[in-house]
Amino acid sequence: ISRNFSISTLTRAAIKNVTVVGGGLMGSGIAQISAQSGHNVTIVELNQEVLDKTHKNIQQSLQRVAKKVYKEKPQEGENFVSESLSRISTSTNLADVVQNSDLVLEAIVENLSIKHKLFKSIDDIAPEKTIFASNTSSLSIGEIAAVCKRKDKFAGLHFFNPVPVMKLLEVVRTPETSDETYEKLMAWAKAIGKTAITCKDTPGFVVNRLLVPLMAEAIRMLERGDASPRDIDIAMKLGAGHPMGPIELADYVGHDTNNSIINGWHEKFPENPLFNPLPFLQKLVDEKNWVSRLVKDIIVTR
Ligand code: CAA
Ligand code: NAD
C-alpha cells in the first residue's frame, strides 16, 4: 500500500470526499479501501444498528490487511488501522452528507425502484459538481440514471467481492457520461489502488456477462449429471486456472443473486438463450441449505 503516494496525489485529486450509501458486504469493502487510501468517507445506512455492524466489519478487515502488510511492524499496522478508521464517519441522513460529497456511490439492495428513490432524493440538493455512481451487478446504469438531471455526472463503478482483495474496478460509461466525469473516476480508481477497465452499459458489463453464464452452465451440467460438483470445480481450477470452481463461486456470489440476475436479464432480453431461466437453479435457491452442504463438501475434499 503506497499510502504516502496516494495521500500526496489526493491533494490534487477531484474526488476527496466519498459518500458510500449501503454498508453491507460491498459498501463496507468500498468504504474501507477508500479510507485506507486517504479519502474521507461517510457511510450512509438505514439505521444505527447496521452502521455499528458495518464499522466492526471494516475494523476487522483493516486488521487483516494490517497483519499482512505490516507483518514486521505491528505499531505501524495499528496506526494504519486507526488512521483509516478516523477517516470514516457514519450517518443515517443522506441529504445532510451529500452537501460535502465529491462522489456518492450507492451499494444498496439490487432493486431499480429503490435505487431510483435514492438518487431522486438527492439530485436537486447535491452540489453541482457531485458525481453519482452505482455498484449494481446487473441493472442498467442508464436506467438508474434516468431519474436524475445530472446524467453527465452519472456512471457505474462495479467492484468485486471481496473488495479489499479483488484488484479490478469496472468503470461503466453511459452514452451521456461526460469525459470529465469518466476521467475523474479513472483517477479515483487509481488512487484507491484498483486497476480500472472501461466498459459500455451492457448487461453484466464485462465480468458478470462472462461469469453469470459460466455459473449457469455449470448448474446445467450438475442437473444433467455430466460430472460431480467436485469434479466440475476441480476441472475449472486445475484446467483453466480459476481460483474458485464455478459451483463454489456460484455459492459465494449467492444462488439467489445469480437466479435473480438471470431472471431479470431474461425478462429484458428474452431472445438471448444465455439468459434462459434455470428451473434447477430455482430449486437450489428454494433448498439453499442443501447447496451450502454440497459446497462445504467440495471445499473439504479439494
Ligand atoms: N479482507 C481483507 N483481506 C482478505 C479478505 C477480506 N475480506 N478475504 C481474503 N483476504 C486476503 C487474505 O488475507 C489472503 O491474503 P494472503 O494471501 O496475503 O495471506 C488472501 O486474501 C487470500 O485469502 P485466503 O487465503 O483466505 O483464501 P484464498 O486464497 O482461497 O482466496 C479469494 C480467497 C480471494 C476469495 C479467492 O478464492 C478468489 O479470488 N475467488 C474468486 C472470487 C471472485 O471471483 N470474486 C468475484 C465474484 S463476482 C462479483 O463480485 C461481481 C458481482 O457483481 C456479483
Ligand atoms: P448487502 O445486502 O450486503 O448490503 C446492502 C446494504 O444496503 C444493507 O446493509 C442495507 O441495509 C442497505 N440499504 C438498503 N437500502 C438502503 C437505503 N435506501 N439507504 C441506505 N442503505 C440502504 O448487499 P451487497 O452484496 O453489498 O450488494 C449491494 C449492491 O452491490 C447491489 O446492487 C449488488 O448488486 C452489488 N454488487 C454485489 C456484489 C456481491 O458479490 N455481493 C458484487 C458486486 C456488486
Side-chain angles (χ1 to χ4, degrees), residues 1 19-33 36 42-55 57-69 71 81 84 90-95 97-98 104-122 133-141 144 156-170 172 203-212 214-215 233 236-237 241-246 248-262 264 295 299 302:
I1 297 162
T19 298
V20 178
V21 192
L25 181 70
M26 298 304 289
S28 57
I30 297 165
Q32 176 193 328
I33 56 159
Q36 74 185 45
T42 307
I43 306 170
V44 178
E45 258 291 348
L46 297 174
N47 59 57
Q48 192 56 44
E49 207 183 324
V50 187
L51 284 172
D52 292 343
K53 217 169 103 196
T54 302
H55 192 270
N57 288 341
I58 294 175
Q59 184 170 19
Q60 281 169 356
S61 188
L62 281 167
Q63 279 161 347
R64 200 168 167 178
V65 174
K67 216 169 159 184
K68 199 168 71 185
V69 178
K71 216 184 306 178
V81 173
S84 302
T90 59
S91 172
T92 53
N93 189 334
L94 178 60
V97 304
V98 293
V104 176
L105 171 50
E106 92 38 48
I108 65 166
V109 59
E110 186 77 335
N111 176 304
L112 184 63
S113 61
I114 299 178
K115 290 188 194 288
H116 272 166
K117 201 170 155 210
L118 184 152
F119 285 117
K120 220 174 169 175
S121 75
I122 53 172
S134 171
N135 181 49
T136 180
S137 295
S138 63
L139 301 173
S140 151
I141 300 299
I144 300 173
L157 286 174
H158 187 222
F159 287 84
F160 297 85
N161 178 31
V163 178
V165 179
M166 304 306 284
K167 298 186 176 73
L168 183 70
L169 176 60
E170 290 179 328
V172 186
F205 317 125
V206 173
V207 172
N208 283 350
R209 182 62 177 267
L210 295 170
L211 269 189
V212 173
L214 171 76
M215 290 186 278
D233 272 16
M236 290 309 285
K237 283 193 282 191
H242 289 197
M244 269 181 187
E248 186 182 351
L249 183 62
D251 193 62
Y252 187 70
V253 169
H255 296 279
D256 47 350
T257 303
N258 287 326
N259 195 38
S260 62
I261 291 177
I262 289 263
V295 169
I299 295 168
R302 74 181 161 193

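Atoms within a ligand are numbered from 1 in the order they appear, just like the ligands themselves.
Residue Pro164 has at least one heavy-atom neighbour below 4.0 Å for each of these atoms of ligand 1: 1 (N), 2 (C). Below 4.0 Å from some heavy atom of Ser137 lie the following atoms of ligand 1, by number and element: 52 (C), 53 (O), 54 (C). Remark: ligand 1 atoms within the under-4.0 Å shell around heavy atoms of Ser61 are 1 (N), 2 (C). Near Met244, the atoms of ligand 1 lying under 4.0 angstrom from a non-hydrogen atom of the residue are 35 (C), 37 (O), 40 (N), 41 (C). Counting the atoms of ligand 1 from 1 in the order shown, those under 4.0 Å from a heavy atom of Val253 are 47 (C), 48 (S), 54 (C). Those atoms of ligand 1 with a heavy atom of Phe160 less than 4.0 angstrom away are 49 (C), 50 (O), 51 (C). Atoms of ligand 1 lying under 4.0 Å from any heavy atom of His158, numbered from 1 in the order shown and given with element: 51 (C), 52 (C), 53 (O).
When the side-chain contact (heavy atoms from CB on, under 4.5 Å) test is applied to Asp52, the partners found at least two apart in sequence or on another chain are Gln48. By the side-chain contact (heavy atoms from CB on, under 4.5 Å) test, Ile114 is found to be paired with Ile108, Val109, Asn111, residues two or more places apart in sequence or in another chain being considered. The side-chain contact (heavy atoms from CB on, under 4.5 Å) test applied to Thr257 returns Val253, Ile261, not counting sequence neighbours.
In terms of modelled atom types and a separation under 3.5 Å, the side chain of Asn135 and the main chain of Gly27 share no donor-acceptor contact. Looking at Glu45, its side chain does come within 3.5 Å of a backbone N or O of Gly23 through a donor-acceptor pair. Proximity of a side-chain donor or acceptor of Glu106 to a complementary backbone N or O of Leu118 within less than 3.5 Å is not detected. In terms of modelled atom types and a separation under 3.5 Å, the side chain of Glu170 and the main chain of Gly156 share no donor-acceptor contact. Asn258 contributes no side-chain N or O that, together with a main-chain N or O of Met215, makes up a donor-acceptor pair within less than 3.5 Å.
Contacts with ligand 1 closer than 4.0 Å are made by no heavy atom of Val207, backbone or side chain. Residue contacts with ligand 1 for Asn208 involve side-chain atoms from C-beta outward but no N, CA, C or O (heavy atoms, distance under 4.0 Å). By the criterion of a heavy-atom distance under 4.0 Å, both the backbone and the side chain of Asn161 are placed next to ligand 1.
Listed by chain and number, residues touching ligand 2 at under 4.0 Å (heavy atoms only) are Val21, Gly22, Gly24, Leu25, Met26, Val44, Glu45, Leu46, Val50, Ala107, Ile108, Glu110, Lys115, Asn135, Thr136, Ser137, His158, Phe159, Asn161.
Between atom CG of residue Leu168 and atom CZ of residue Phe159 there is a gap of 10.0 Å, rounded to the nearest 0.5 Å. For the atom pair NE2 of His116 and CG of Leu139, the computed distance is 9.0 Å after rounding to the nearest 0.5 Å. Here CD1 of Ile43 is found 6.0 Å from OG1 of Thr54. Values are rounded to the nearest 0.5 Å. Here the CG atom belonging to Leu214 is positioned 11.5 Å from the CG atom belonging to Asn208, to the nearest 0.5 angstrom. Between the CD atom of Gln32 and the CG atom of Leu62 there is a distance of 4.5 Å, given to the nearest 0.5 Å.
Not a single N or O atom of Tyr252, backbone or side chain, sits closer than 3.5 Å to an N or O atom of ligand 1.
Proximity of Gln32 to ligand 1 is not established, as no heavy-atom distance is less than 4.0 Å.
Taking only non-hydrogen atoms, the option from Val69, Val165, Ile261, Leu62 nearest to atom 11 (C) of ligand 1 is Val165. Among His242, Met166, Met215, the residue whose heavy atom sits closest to atom 43 (C) of ligand 1 is Met166. Nearest to atom 36 (C) of ligand 1 by heavy atom, out of Pro243, Gly254, Ala250, is Pro243.
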